Amino acid sequence: MDLSRIEHTFQDGLLGRSQDILRQLRGNARESAETMFAVYRNAYWSRLAEALGNDFPALKALMGDQAFDRMARAYIARHPSQHPSIRWAGRNLPAFLAAEAPYRDEPWFTDMARFDWGLAFAFDAAAAPAAGLANLAGVPPEFWGSIRLRFHPTLDAFPVSTPVDEARPRLLENAAIALDRQARCARAIMVWRVEHDVRFRAIDPLEHAALEAMQAGATFGAMCELVARQAGLDAAPARAAQILQGWLEWGAVAIVEHDELGSAA
Amino acid sequence: MTPRAVSSLGFGLGLRPQHYPVILDGAPELAGAIDWFEILSENYLVDGGRPLAMLMAIRARYPVVMHGVSLSIGSTDPLDMDYLARLKGLAARVEPAIISDHLCWTGVAGINMHDLLPLPLTEEALAHVAARIDRVQAFLGREIALENASTYVTFTQDSVPEWEFLRELHRRTGCRLLLDINNVHVSAFNHDFRATDYVDAIPREAVAYIHLAGHEHNGTYIIDTHDRPVVEDVWQLYAHAVRRFGPVATMIERDDRIPPLADLVRELAQARSLAASALSRPAEVA
């Protein structure tokens with residue numbers, strides 16, 4: 001058996017796909033090759049499950065240790081890590097929970113996994129200075145409609161149907177806390193980082209739609225029209241301005257751009 | 001920056017996030033107690049945030065060694081050039097005294113098992129690993145050091161002991177060795193050979209630095225857990241190694257159940273004291 005075949009067969013043994021590798025292995029004077037190979041096999045599954053527990057602490061608290069471990073092993077079997085850093089092993093976990101029975105029937109799981117992952121992403125994503133309200137002060141009123149935003153590179157925003165933003169801090173403090181698992185809501189969560197501090201904020205669906213539009217490159221003027229369609233013409237200007245001001249105050253925006261005198265727009 | 005002479009590094013610790021604040025506070029009891037830190041490279045192959053900021057603040061005060069777990073030098077998958085490029089980028093920022101990884105493979109078919117898996121000790125594996133070390137060293141523009149991993153199985157087709165395999169890798173490629181004394185002890189017990197035979201076969205000039213760590217003894221085999229203090233047998237093997245290799249950079253590695261930094265500093269002081277004692281009595285070489 002050549003080296004490549006040895007490695008593939010060894011890995012198949014770790015993944016539980018075949019036991020053929022045992023014929024190539026020796027144990028020691030006290031233990032069989034099978035027992036000693038099990039050290040590797042057990043370490044593989046427990047190491048990945050532990051790493052997922054570290055990256056999804058609130059999901060683990062929500063599910064309980066045993067249920068989380070069972071889920072983690074099912075996930076690892078479906079999505080083996082393909083990244084040099086174990087830190088990225090869980091990147092497909094929210095989608096896995098959303099798609100796979102029985103987890104897909106409990107929206108809390110997918111929402112909490114998405115929230116945990118957003119926080120982990122923001123923790124060490126690329127740094128950038130944040131723009132502030134002062135960046136708006138210099139925009140002449142006639143050019144406000146042309147404002148475009150480049151958001152902070154750590155920003156992640158996603159819809160949830162359960163109040164995981166309220167439950168997460170309580171769960172991390174006490175995993176045994178009683179949650180109303182029937183609770184549902186319509187909101188989105190923004191996660192980003194200011195300096196080294198990861199922040200999050202729940203936003204309503206209208207603000208999330210405005211955020212998605214401006215993340216896709218829409219101008220503030222276009223965002224105002226979007227807000228007007230949902231909130232009404234009278235309320236739109238104040239609501240749109242409030243949304244924009246919030247993002248800037250929170251440090252979720254990196255760069256404010258706008259047309260200037262003589263520009264094509 | 002020219003890498004520092006390895007023997008001048010002294011006594012170091014693995015850098016762990018739990019210890020960032022106390023290290024950066026510059027507590028008086030740390031003064032002179034820790035000469036350098038080893039980082040787990042993969043933890044800092046990120047784009048930004050607290051880990052990189054802490055690392056650079058600590059790097060401003062201490063020499064740093066980069067220690068990786070995903071080079072997968074023994075894998076028959078292609079070398080991961082994206083990973084190597086990021087590693088080289090981190091090295092450009094950190095200016096490490098040494099870049100190390102393990103004699104192992106971590107996966108094939110695009111999968112990373114995140115474990116240090118054993119290689120058959122054959123001429124085929126030796127040629128394969130040596131060729132990859134050459135490519136990695138050429139890409140990084142410097143020597144790397146490879147660590148002997150603890151192993152739990154051997155292969156029926158093994159043709160040489162691990163120490164000969166390492167010695168030959170060093171001869172063919174010029175790579176250095178990160179000699180993990182605990183891992184020698186663990187593998188010696190697991191595979192029924194004498195740990196001192198291993199240490200005595202390693203060329204003096206090959207050793208870049210030494211790891212010390214704790215393990216879990218299960219009676220019939222030992223698991224390399226890095227979650228507890230160094231045991232007496234490993235201290236004795238370390239003293240034997242110091243008598244053989246002379247003053248060599250040494251560090252304590254703790255990866256789980258991380259104690260307060262002061263506990264590790266006490267353990268490091270024990271290493272420092274033991275090394276001084278061993279060097280003062282070279283005649284006791286076994």
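Letters A, B, ... mirror the listed sequences (proteins, then strands); counts begin at 1. Everything numeric here is computed off the predicted structure, so don't read it as measured data.
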Would you say the ring centers of [X] and [Y] fall short of 6.0 Å from each other?
{"X": "Tyr152(B)", "Y": "Tyr221(B)", "answer": "no"}
{"X": "Phe158(A)", "Y": "Trp117(A)", "answer": "no"}
{"X": "Phe10(A)", "Y": "Trp105(B)", "answer": "yes"}
{"X": "Phe200(A)", "Y": "Phe115(A)", "answer": "yes"}

Using heavy-atom distances under 4.5 Å, tell me whether [X] contacts chain A through its side chain, its backbone, both, or neither.
{"X": "Thr225(B)", "value": "neither"}
{"X": "His114(B)", "value": "both"}
{"X": "Phe189(B)", "value": "both"}
{"X": "Asp256(B)", "value": "side chain"}
{"X": "Thr151(B)", "value": "both"}
{"X": "Leu45(B)", "value": "neither"}
{"X": "Leu40(B)", "value": "neither"}
{"X": "Asp115(B)", "value": "both"}
{"X": "Ser75(B)", "value": "both"}
{"X": "Asp80(B)", "value": "side chain"}

Top contributor to chain A contacts, counting heavy-atom pairs under 4.5 Å, from [options]:
{"options": "Thr154(B), Val46(B), Leu116(B), Leu117(B)", "answer": "Thr154(B)"}
{"options": "Gly107(B), Gly74(B), Gly48(B), Ser41(B)", "answer": "Gly48(B)"}
{"options": "Ala125(B), Gly68(B), Pro118(B), Ser72(B)", "answer": "Pro118(B)"}

Counting heavy-atom pairs closer than 4.5 Å to chain B, which one of [options] comes out on top?
{"options": "Val198(A), Asp124(A), Ile6(A)", "answer": "Asp124(A)"}
{"options": "Pro84(A), Ser85(A), Ala127(A), Ala33(A)", "answer": "Pro84(A)"}
{"options": "Ile76(A), Thr35(A), Leu48(A), Asp2(A)", "answer": "Asp2(A)"}

Gln245(A) side, atom CD; Leu133(A) side, atom CG - distance, nearest 0.5 Å: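 Output value for this atom pair is 5.5 Å.
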His67(B) and Glu147(B) side chains, donor-acceptor separation under 3.5 Å: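 Result is yes, a qualifying pair exists.
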Heavy-atom distance under 4.5 Å to chain B: side chain of [X], backbone, both or neither?
{"X": "Gln24(A)", "answer": "both"}
{"X": "Arg47(A)", "answer": "side chain"}
{"X": "Glu34(A)", "answer": "neither"}
{"X": "Ala43(A)", "answer": "side chain"}

Non-hydrogen atoms of Ala202(A) and Asp165(A) that approach each other most closely: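 In this case the closest contact between Ala202(A) and Asp165(A) is CB-OD2, 3.3 Å.
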Residue pair Lys60(A) / Asp116(A), side-chain heavy-atom distance below 4.5 Å: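 In short, these two side chains do not touch, never coming nearer than 4.5 Å.
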Charged N-O contact under 4.0 Å between Asp134(B) and Arg172(B):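 Salt bridge between Asp134(B) and Arg172(B), a charged N being under 4.0 Å from a carboxylate O: no.
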Heavy-atom donor-acceptor pair, Arg59(B) side chain to Glu95(B) backbone, under 3.5 Å: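 Checking the backbone N and O of Glu95(B) against the side chain of Arg59(B), a donor-acceptor pair under 3.5 Å is found.
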Cation-aromatic face contact Arg193(A)/Trp250(A), 6.0 Å, 45 degrees: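 Cation-pi check for Arg193(A) and Trp250(A): fails.
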Met36(A) and Asn28(A): CA distance, side-chain angles, deciding distance, side chain to side chain contact (heavy atoms under 4.5 Å, CB included) verdict: CA-CA 8 Å; Met36(A) 297 302 282; Asn28(A) 62 24; 3.9 Å; yes
